[in-house]
Amino acid sequence: MPFVLRNPAFFIPVLTYHQIATAPPKGAVFRSLYVTPTAFARQMGLLKRLGYRGLSMSALMPYLRGEQCARVCGITLDDGYANHLSCALPALQSNGFTATCYAVSQRLGQTNDWDSAVGVAPAPLMDANQLRQWVAGGQEVGAHTRHHPHLSQLSDADSTREISACKSELEEAVQAPVRHFCYPYGDYGPQHVGIVKRAGFDSATTTVRSRCQIADDLWQLPRVPVVRSTTLALLWIKLATSYEDRHRCLSHRFQLA
Ligand SMILES: [Zn+2]
């Protein structure tokens, strides 16, 4: 069955990016998570030509809450790589877009060492000064915990510290509010949704694949992954059709009372 095309204003894709850089050689771990700066710039250009406004999570909130309606999409970049500042920011700015970069507060200026056990090459992360440049460039910093743990493997007390202290540490670093959270590895339980809400975050994103709809839980938002193999044609399909939404029913999200 062909994927269904519906009014795009009622479906809000929140794009997920990781590294904006040339991919390492064939066989490298997580090679698919690299999008080249050229491809990223072309993708931002396509969004613009299709009439989408690319928005940070803060700017997207009125649309997710159903208070406003337009052809918008969220742009999120996970982990706070230095290449977000050097390679993604120019394309965002030239299209008048904003994005949210989720940073790991105890790894600023270091590398993504949480992935070293599975053989991922270390990549530099933005330090506090670079995060401030990101914010000064019109972009937003979101929270991605203090150390990028699997939250489901932590006690509630440790999870609370990872989530709440990340917010205050990043706010101190960037001198700006940090109002949006992203679960590392998309690994969370119902208790973490409560912790994120109590910490004062306005939204949280997951790795569940789908476009967002108005009725979605703002603290368990699905996203649309963009990876190395995502062509412009496939990006259009992901944005404008039900291609990604079919994953929604396969994924588990927690119902909170
Ligand atoms: Zn991450």
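Start at 1 and go down the list; that is how both ligands and their atoms are numbered.
None of the N, O or S atoms belonging to D78 lies under 2.8 Å away from the Zn ion (ligand 1). The nearest N, O or S atom of H18 is not closer to the Zn ion (ligand 1) than 2.8 Å. Residue side and main chain included, H144 places an N/O/S atom under 2.8 Å of the Zn ion (ligand 1).
For the pair R65 and Y63, the cation-pi test (distance below 6.0 Å, angle within 45°) is failed. With a 6.0 Å cutoff to the six-membered ring centre and a 45° limit on the axis angle, K167 does not count as a cation-pi contact of F181.
Around the Zn ion (ligand 1), the two atoms OD1 of D79 and NE2 of H148 are separated by an angle of 100°, to 10 degrees.
Under a 4.0 Å N-O distance rule, the pair E244/R211 does not qualify as a salt bridge. Using a 4.0 Å cut-off between a side-chain N of Lys or Arg and a carboxylate O of Asp or Glu, D245 and K238 do not qualify as a salt bridge.
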